[in-house]
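Here's the structure, in structure tokens; my notes come after.
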Amino acid sequence: MYQIRYRRYRKERAIQVAHTISRNIKLALLADGKSQKALADALAPYTSRTRVSNIATGKKVADAIELYVIAEFFRRPVTWFYEDHLDFI
């Protein structure tokens, strides 16, 4: 019983993290005036354009290397993508 609840919690938490990262990527794209294509080009050595699209829409969670490259692309700390920035809008 405990394991089932824990797995469900982990899945729900992963979805929350994916959506937070997705919102922050979209926010950074708008704030910096950059395109998702430019982001995909920056991530090209590490992942496919489809995966970048899935990360940007919240369907997939970025792994550590992808998130590091995304942070470098936007010149923001990695932790910025895990935080809510509703006041930034």
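- Atom NZ of Lys59 sits in a sparse spot, with 12 or fewer heavy atoms from other residues, nucleotides or ligands closer than 6.0 Å.
- Atom OG of Ser22 is separated from atom CG of Leu27 by 11.0 Å, given to the nearest 0.5 angstrom.
- The heavy-atom pair separating Ala56 from Ile25 by the smallest distance is CB-CG2, 4.4 Å.
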side-chain contact (heavy atoms from CB on, under 4.5 Å) between Arg51 and Tyr46: does it pass, once the steps are laid out?
CA-CA 10 Å; Arg51 179 139 171 91; Tyr46 308 101; over 6 Å; no
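- Residues passing the side chain to side chain contact (heavy atoms under 4.5 Å, CB included) test with Ala18 are Val61, sequence neighbours excluded.
- Residue Ala62 comes nearest to Glu66 through the heavy atom pair CA-OE1, 3.4 Å, listed as atom of the first residue, atom of the second, then distance.
- Under the 4.5 Å side-chain contact rule for hydrophobic residues, Val78 and Val17 share a cluster.
- Every residue two or more places apart in sequence or in another chain that forms a side chain to side chain donor-acceptor pair (under 3.5 Å) with Arg13 is listed here: Gln16.
- Contacts of Asp32 classified as side chain to side chain donor-acceptor pair (under 3.5 Å), with partners at least two apart in sequence or in another chain: Arg76.
- Nearest heavy-atom pair across Tyr82 and Asn24 is N-ND2, 4.1 Å.
- Atom CD1 of Ile55 sits about 8.5 Å away from atom CG of Leu67, to the nearest 0.5 Å.
- Not counting sequence neighbours, the partners of Lys11 by the side chain to side chain contact (heavy atoms under 4.5 Å, CB included) test are Ile15.
- Residue Pro77 forms a side-chain contact (heavy atoms from CB on, under 4.5 Å) with just one option from Trp80, Phe81, Phe74, and that option is Trp80.
- Residues satisfying the side chain to side chain contact (heavy atoms under 4.5 Å, CB included) criterion with Arg23, sequence neighbours excluded, are His19, Thr20, Asp84.
- Scanning for side chain to side chain contact (heavy atoms under 4.5 Å, CB included) contacts around Pro45 gives an empty result, with sequence neighbours left out.
- The side-chain contact (heavy atoms from CB on, under 4.5 Å) test with Arg49 singles out one residue from Leu43, Asp41, Leu39, and that residue is Asp41.
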